[in-house]
Amino acid sequence: MVDDNQFIDAVARRSGTSTEQATALTRATLTTVAERIDGGEARDLATQLPEGLRPYAFAASETAERFGFDVFVQRIAGRADVDPALAEAGARAVFDTLREAVAADEYEDVVSQLPSELAQVANPVAPFNVQQGPS
């Protein structure tokens with residue numbers, strides 16, 4: 001399992017941001033994902049995350065909120081205090097890192113609860129790399 005620093009470093013590298021921005025983008029993306037999936041799935045995801053990121057994957061409600069891609073990106077932008085373009089790039093980097101950091105079936109479970117338009121940032125068909133940590 002990757003640790004917090006490895007996860008954040010991978011997001012920073014993929015998004016072309018500083019460690020500080022990557023941390024904000026990661027936290028904002030995980031929080032927004034947790035709002036968009038049901039509580040049980042959010043808890044399942046949290047158990048596979050590095051310890052320091054787990055709290056961000058817990059939703060305030062057991063019931064998934066229903067919102068689309070634009071709201072998803074707006075929430076990340078607001079939470080991370082970045083523009084929507086960087087929020088989208090950051091979300092893509094977080095999902096790419098998640099895909100490598102958590103079990104393939106867990107990633108698929110999370111993505112299956114997201115609207116299809118979120119495939120723009122959470123590619124459900126990209127290859128999984130479960131043997132290695134984030135690259």
Side-chain angles (χ1 to χ4, degrees):
M1 179 184 245
V2 299
D3 67 24
D4 297 8
N5 292 333
Q6 291 169 317
F7 195 101
I8 297 299
D9 288 347
V11 171
R13 194 169 47 256
R14 288 182 163 122
S15 61
T17 61
S18 67
T19 302
E20 293 77 20
Q21 272 194 320
T23 300
L25 287 164
T26 299
R27 291 173 177 173
T29 300
L30 291 173
T31 300
T32 307
V33 167
E35 292 170 343
R36 189 59 186 79
I37 62 178
D38 71 46
E41 192 54 53
R43 283 189 299 279
D44 289 348
L45 174 61
T47 64
Q48 294 196 21
L49 290 173
E51 189 173 341
L53 298 176
R54 289 178 187 160
Y56 299 97
F58 288 100
S61 171
E62 283 296 305
T63 306
E65 289 184 49
R66 300 290 170 218
F67 52 84
F69 181 74
D70 290 343
V71 172
F72 189 83
V73 171
Q74 288 170 0
R75 288 186 183 191
I76 294 168
R79 287 180 169 127
D81 195 25
V82 298
D83 64 50
L86 183 52
E88 183 176 340
R92 185 175 296 108
V94 170
F95 275 104
D96 286 348
T97 305
L98 274 176
R99 191 169 42 253
E100 293 179 350
V102 304
D105 60 342
E106 181 56 36
Y107 182 82
E108 290 169 354
D109 289 348
V110 169
V111 172
S112 73
Q113 291 194 19
L114 299 173
S116 60
E117 64 183 313
L118 272 159
Q120 296 173 64
V121 294
N123 186 348
V125 296
F128 293 94
N129 184 358
V130 294
Q131 265 64 39
Q132 299 177 359
S135 57

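Along the sequence shown, the residues carry numbers beginning at 1.
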Ignoring hydrogens, what is the shortest heavy-atom contact between [X] and [Y]? Give both atom names and the distance.
X	Y	result
Leu25	Ala87	CD2-CA, 4.0 Å
Ala57	Ala34	O-CB, 3.3 Å
Thr31	Arg27	OG1-O, 2.8 Å
Gly90	Ser15	CA-CB, 4.2 Å

Problem set entry | Residues Asp44, Asp109; criterion side chain to side chain contact (heavy atoms under 4.5 Å, CB included); working and verdict | CA-CA 9 Å; Asp44 289 348; Asp109 289 348; 5.7 Å; no

What is the distance from atom [atom1] of [X] to atom [atom2] of [Y], rounded to the nearest 0.5 Å?
X	Y	atom1	atom2	answer
Thr97	Arg13	OG1	CZ	8.0 Å
Leu45	Tyr107	CG	OH	10.5 Å
Ile37	Thr63	CD1	OG1	12.5 Å
Glu106	Gln48	CD	CD	5.0 Å
Glu35	Phe72	CD	CZ	9.5 Å

Taking the side chain as every heavy atom from C-beta outward, state whether [X] and [Y] have any pair of such atoms under 4.5 Å apart.
X	Y	result
Glu88	Phe69	yes
Pro115	Arg36	yes
Thr29	Val11	no
Thr26	Tyr56	no
Leu49	Leu30	yes

For this session: Any chance you could lay out the salt bridge (Lys or Arg N to Asp or Glu O under 4.0 Å) test for Arg43 and Glu62, step after step, and finish with the verdict?
Result: CA-CA 10 Å; Arg43 283 189 299 279; Glu62 283 296 305; 2.6 Å; yes

Exercise. Cluster question for you: counting only ILVMFWY and a side-chain heavy-atom cut-off of under 4.5 Å, with indirect links fine, are Val82 and Val71 together?
Worked result: yes

Exercise. Think Arg75 forms a cation-pi with Phe67, using NZ or CZ under 6.0 Å from the six-ring centre and within 45 degrees of its axis?
Worked result: yes

For this session: Please answer whether the main-chain N or O of Gly68 pairs with a side-chain N or O of Glu117 as donor and acceptor at a distance below 3.5 Å.
Result: no

Exercise. Yes or no on side chain to side chain contact (heavy atoms under 4.5 Å, CB included) for Val121 and Val73, after CA distance, side-chain angles and deciding distance?
Worked result: CA-CA 10 Å; Val121 294; Val73 171; 5.6 Å; no

Problem set entry | Arg79 and Thr32 side chains, donor-acceptor separation under 3.5 Å | yes

For this session: Just do the side chain to side chain contact (heavy atoms under 4.5 Å, CB included) check on Asp96 and Arg92 with the steps written out, would you?
Result: CA-CA 6 Å; Asp96 286 348; Arg92 185 175 296 108; 4.0 Å; yes

Exercise. For Asp3, does the CG atom have more than 12 heavy-atom neighbours from other residues, nucleotides or ligands under 6.0 Å away?
Worked result: yes

